[in-house]
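Here the structure is laid out as structure tokens; the discussion comes afterwards.
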Amino acid sequence: MANTQVLRLIRAVDAADSPAELVKAVEDLAATGAEAAIPTLIAVLSYSNPRAARAAVDGLIKLDITAVPFLLEHIQEGSSYSARAWAIEALSGIGDPQGLETLLRATTQDFSMSVRRAAARGLGKLRWQMMASEQVLSGQSKVIETLFQAVQDSEWIVRYAAVVGLQGFAAAVFISCPSWVISIEMRLAQTAGSDDSLAVQARALLAQQQIQPSLEGVELKMADSGTSAAEHWQLILERLYSRKAQERSQGEGSPEKFRAVAAAIQDRLGEQTR
């Protein structure tokens with residue numbers, strides 16, 4: 001698209017004098033996919049207009065890795081927690097490992113639960129094939145450690161997001177680190193059986209269901225790999241003990257007994273917490 005057209009759309013964003021007009025202007029600018037639009041789209045993240053911010057995030061994700069340096073700079077500049085949360089969501093949607101350290105810090109250190117939530121989800125979406133091969137294992141080790149920490153966060157919405165992140169991460173390491181998939185399943189079982197929030201319990205159960213079909217394949221892969229028999233069976237025994245503990249902990253309020261209620265709660269959470 002010609003620069004003059006992009007400039008015209010940027011001016012339309014700046015000149016918008018109503019919430020609806022701003023949303024339309026941002027949507028039009030985001031649709032261009034022009035690099036020149038990035039500073040304006042990032043500026044919109046600070047506006048008190050969630051619909052406009054959502055449109056800006058969608059536009060930044062569409063721009064993919066081109067937007068990453070701008071987003072990282074914006075986050076490091078100490079923007080408001082709301083703008084930071086939107087920026088982290090855009091960074092998460094892109095999935096560029098350049099943002100790994102930023103996501104790790106935000107998941108455990110940011111005071112805003114909205115930021116921690118967005119970052120935890122983002123850790124499950126990273127495109128590891130874009131990272132130098134010699135850095136992948138170290139990076140993934142940090143991710144699983146951070147998500148295990150986040151699943152114990154004081155805020156239920158962050159724990160929920162950490163469960164989502166763990167599910168996505170399990171899919172990413174199914175081939176490279178199968179033992180981690182079993183560790184993740186064990187942590188999800190613990191969360192499903194003991195978390196204070198029924199919504200988190202339900203989401204953990206859903207995550208377990210999603211990764212269950214792959215677990216038998218994981219165990220077979222481990223048996224065929226260099227994993228020692230002792231290590232292999234230790235993981236399986238730990239998984240069984242975790243399951244037994246979960247079964248013993250299930251009382252009248254068990255999410256297993258109230259699957260319909262749990263599913264209804266999950267549906268009501270909507271796309272924002274998926």
Side-chain angles (χ1 to χ4, degrees), residues 1-100 102-103 106-107 110-127 130 155 157-158 160-161 164-165 168 266-274:
M1 179 175 290
N3 285 338
T4 54
Q5 176 71 355
V6 175
L7 290 173
R8 183 182 68 78
L9 293 172
I10 290 173
R11 286 195 293 270
V13 171
D14 293 338
D17 57 7
S18 72
E21 189 176 336
L22 177 61
V23 171
K24 179 64 168 60
V26 173
E27 289 174 344
D28 290 344
L29 180 61
T32 66
E35 183 175 350
I38 294 175
T40 301
L41 293 177
I42 288 179
V44 171
L45 303 181
S46 301
Y47 297 175
S48 299
N49 188 320
R51 288 183 58 202
R54 167 54 59 193
V57 166
D58 291 343
L60 290 163
I61 292 174
K62 179 180 177 180
L63 281 154
D64 204 60
I65 61 174
T66 305
V68 170
F70 296 88
L71 286 165
L72 292 175
E73 181 179 359
H74 177 68
I75 294 167
Q76 292 166 1
E77 286 176 348
S79 53
S80 69
Y81 77 87
S82 177
R84 209 161 55 250
W86 285 116
I88 288 287
E89 186 159 344
L91 192 65
S92 299
I94 294 169
D96 188 340
Q98 288 184 74
L100 173 61
T102 297
L103 293 177
T107 299
D110 202 285
F111 76 88
S112 167
M113 65 179 180
S114 297
V115 175
R116 299 199 305 277
R117 167 193 169 274
R121 293 179 72 235
L123 289 175
K125 297 180 179 181
L126 290 170
R127 295 184 280 175
M130 297 174 63
E155 298 289 346
I157 197 167
V158 180
Y160 188 107
V164 176
Q266 180 188 329
D267 288 340
R268 289 176 63 186
L269 290 172
E271 290 300 322
Q272 176 134 7
T273 52
R274 291 183 188 277

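Keep in mind the model is a prediction, meaning the values are calculated, not measured.
Taking the side chain as every heavy atom from C-beta outward, L29 and V6 approach each other to under 4.5 Å. Counting heavy atoms from C-beta on, the side chains of L103 and L126 come closer than 4.5 Å. Between V68 and L63, the closest side-chain pair of non-hydrogen atoms is not below 4.5 Å. In this structure, R127 and I94 have side chains that are in contact, with non-hydrogen atoms separated by less than 4.5 Å. Contact annotation: the side chain of D110 approaches that of R84 to within less than 4.5 Å [non-hydrogen atoms, C-beta and beyond]. Taking the side chain as every heavy atom from C-beta outward, M130 and I65 approach each other to under 4.5 Å.
Here the CG atom belonging to L91 is positioned 5.0 Å from the CD1 atom belonging to I75, to the nearest 0.5 angstrom. Atom-to-atom distance recorded for T4:OG1 and L9:CG is 9.5 Å, nearest 0.5 angstrom. Atom-to-atom distance recorded for D28:CG and Q5:CD is 9.0 Å, nearest 0.5 angstrom. With rounding to the nearest 0.5 angstrom, the CD1 atom of I38 is 4.5 Å from the CZ atom of F70. Separating the CG atom in L45 from the OG1 atom in T40 is a distance of 11.0 Å, to the nearest 0.5 Å. A distance of 9.5 Å separates CD in E27 from CG in L22, rounded to the nearest 0.5 Å.
Using a distance-only test at 3.5 Å, with no hydrogens or angles considered, no donor-acceptor pair links the side chain of K125 to the main chain of G168. Panel note: side chain R116, backbone F111; a donor-acceptor pair is recorded below 3.5 Å. For R121 (side chain) and A161 (main-chain N/O), no donor-acceptor pair under 3.5 Å exists by modelled atom type.
For G93 against I61, the heavy-atom pair with the smallest separation is CA-CD1, 3.9 Å. Shown here for A55 and V26, the closest heavy-atom pair between the two residues is CB-CG1, 3.8 Å. Counting all heavy atoms, side chain and backbone alike, G59 lies closest to L41 at C-CD1, 4.3 Å. The shortest heavy-atom contact between V44 and A52 is CG1-O, 3.6 Å.
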**Request:** List the steps and the verdict of side chain to side chain contact (heavy atoms under 4.5 Å, CB included) for H74 and W86.
**Result:** CA-CA 11 Å; H74 177 68; W86 285 116; over 6 Å; no

**Request:** Would you sort out whether L71 and T102 count as a side chain to side chain contact (heavy atoms under 4.5 Å, CB included), showing the intermediate values?
**Result:** CA-CA 10 Å; L71 286 165; T102 297; over 6 Å; no

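In this structure, R51 places its CZ atom where only 12 or fewer heavy-atom neighbours from other residues, nucleotides or ligands lie under 6.0 Å away. Within 6.0 Å of NZ on K24 lie no more than 12 heavy atoms contributed by other residues, nucleotides or ligands.
Salt bridge present: D58 and R54 bring a charged side-chain N and a carboxylate O closer than 4.0 Å.
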